[in-house]
Amino acid sequence: MRSDREVPRPGADRPGLAGLATEPPADFAVRVLRRTGVPREIYDTYVRLDTAVGGLFVAASPEAVTGAALDTGGLSATVFEELHRARTRRSALRSGRPFPGVTTALRTGRARRLPIDLSSLGPADRAVLEAVRAVPAGQLRPVGWLAREAGVAPERVVGALTRNPAAVLIPCHRVTYDNGTPCDAGHLPAVGDALRAAEGVDLLRVAELHRRGVVFLGSDTTRIYCHPTCAHARRITPPHQVPFRTAREAGRAGYRACKSCRPVAV
């Protein structure tokens, strides 16, 4: 005979069991490996941090950042783990603690001193990406400048940018073609624009200079010319700005290259 009484579900009288269905802590797997004595050196950990364009997955070994990727294209944690393993041959486990210095680097845009492992790349790619790391936040540099700084042929630069293993932390959004238009190799132009805007780059001014064919700006008071986004160039008031299309044109006019942004080797 069927009973009208409600049949209690297993565990209904033990509310504590409901907690077992919750998400584990971010560093749960790391804690387990640590307790079982697995050396930290044989795997990486990663976190997801917020940026001006969305989430950024950042993986690291005990010594350095080993990879970073934006999730703006719908990249999931699982896919990031798989891509990281394919590129580095190391597993990446979710953690609640970022590599030291990463949060500050993202906040300030200054990541040049942040240890980043580029050992999976060839010498030319490493040289290009190290040159990119030297570009200050809020400033832009052309492909030709990177080629000169890295000591590689200009045609090698764009390919190296597409192989950047540490998005945002190696700021490829600060690279333009030699005519001044943003390069944006490796990510969508909208992403590059958002990153540049977050760093205070005046996108409308950059576009207007490009439209006019202006590659360098000189000051008629100091007789020095710079890349337009150089900190020194931004201090030149409009009445004293002198536009140049080439470094040779500036030199012929009696202007010297800025020693800060180095439009030519100085």
I'd like to know if the side chain of T181 and the backbone of Y177 have a donor-acceptor N/O pair within less than 3.5 Å. no
Are there over 12 heavy-atom neighbours, none belonging to R126, within less than 6.0 Å of that residue's CZ? yes
I'd like to know whether CZ of R85 has more than 12 heavy-atom contacts from other residues, nucleotides or ligands below 6.0 angstrom. yes
Rounded to the nearest 0.5 Å, how far apart are SG of C172 and CG of L161? 4.5 Å
With side-chain contact (heavy atoms from CB on, under 4.5 Å) as the criterion, how do T176 and V143 come out once you've worked through the C-alpha distance, each side chain's angles and the decisive distance to 0.1 Å? CA-CA 6 Å; T176 71; V143 165; over 6 Å; no
Can you sort out the partners of R89 under side-chain contact (heavy atoms from CB on, under 4.5 Å), two or more places apart, ordered by chain and number? none
Does a side-chain heavy-atom distance below 4.5 Å link S120 with R87? yes
When you check the gap from the basic side-chain N to the acidic O, do R141 and E149 get nearer than 4.0 Å? no
With no hydrogens and no angle check, is any side-chain donor or acceptor of T162 less than 3.5 Å from a backbone partner on G159? yes
Less than 4.5 Å apart, side chain to side chain, heavy atoms only: is that true for L114 and F99? yes
Quick one: which residue pairs count as a salt bridge (charged side-chain N to carboxylate O under 4.0 Å, His left out) with a foot in residues 69-79, not counting sequence neighbours? R48-D71
Start with the C-alpha distance between L56 and D50, add both sets of side-chain angles, then the distance that settles side-chain contact (heavy atoms from CB on, under 4.5 Å), and finish with yes or no. CA-CA 6 Å; L56 180 72; D50 291 328; over 6 Å; no
Side-chain donor-acceptor contact under 3.5 Å, S76 with T78: no
Candidate pair S61 and D44, rule side chain to side chain donor-acceptor pair (under 3.5 Å), full reasoning: CA-CA 5 Å; S61 69; D44 293 344; 4.8 Å; no
Would you call R94 and E81 a salt bridge, using N to O less than 4.0 angstrom? no
Hey, quick one: are L169 and L129 part of the same hydrophobic cluster, counting side-chain heavy atoms closer than 4.5 Å, chains of contacts allowed? yes
Gap separating the CG atom of L140 from the SG atom of C183, nearest 0.5 angstrom: 11.5 Å
Where do I116 and I170 land on the side-chain contact (heavy atoms from CB on, under 4.5 Å) test, with the steps shown first? CA-CA 9 Å; I116 298 178; I170 298 180; 3.8 Å; yes
Answer yes or no: is there a side-chain heavy-atom contact under 4.5 Å between V201 and Q139? no
In chain order, what residues pass the side chain to side chain donor-acceptor pair (under 3.5 Å) check against R196, with sequence neighbours excluded? D184, D193
Strictly under 6.0 Å, is that where the ring centroids of H227 and F216 end up? yes
Do R133 and R113 make a side-chain contact, defined as non-hydrogen atoms from C-beta onward lying under 4.5 Å apart? no
All side-chain contact (heavy atoms from CB on, under 4.5 Å) counterparts of A86, not counting sequence neighbours: none
Check whether any side-chain heavy atom of W145 sits under 4.5 Å from a side-chain heavy atom of V135, and report yes or no. yes
Consider only side-chain heavy atoms of I, L, V, M, F, W and Y, link residues closer than 4.5 Å, and tell whether V102 and L195 are in one cluster. yes
Restricting to side-chain contact (heavy atoms from CB on, under 4.5 Å), what partner residues turn up for R223, sequence neighbours left out? Y255
As an exercise, state the distance from OG1 of T222 to CZ of R235, rounded to the nearest 0.5 Å. 10.5 Å
Would you please classify the geometry between the H187 ring and the H173 ring as parallel, tilted or perpendicular, with 30° and 60° separating the classes? tilted
Determine, using the 4.5 Å side-chain heavy-atom cutoff (strictly less than), whether L70 and V175 are members of one ILVMFWY cluster. yes
Tell me the salt bridge (charged side-chain N to carboxylate O under 4.0 Å, His left out) pairs involving residues 200-221, sequence neighbours left out? E208-R211
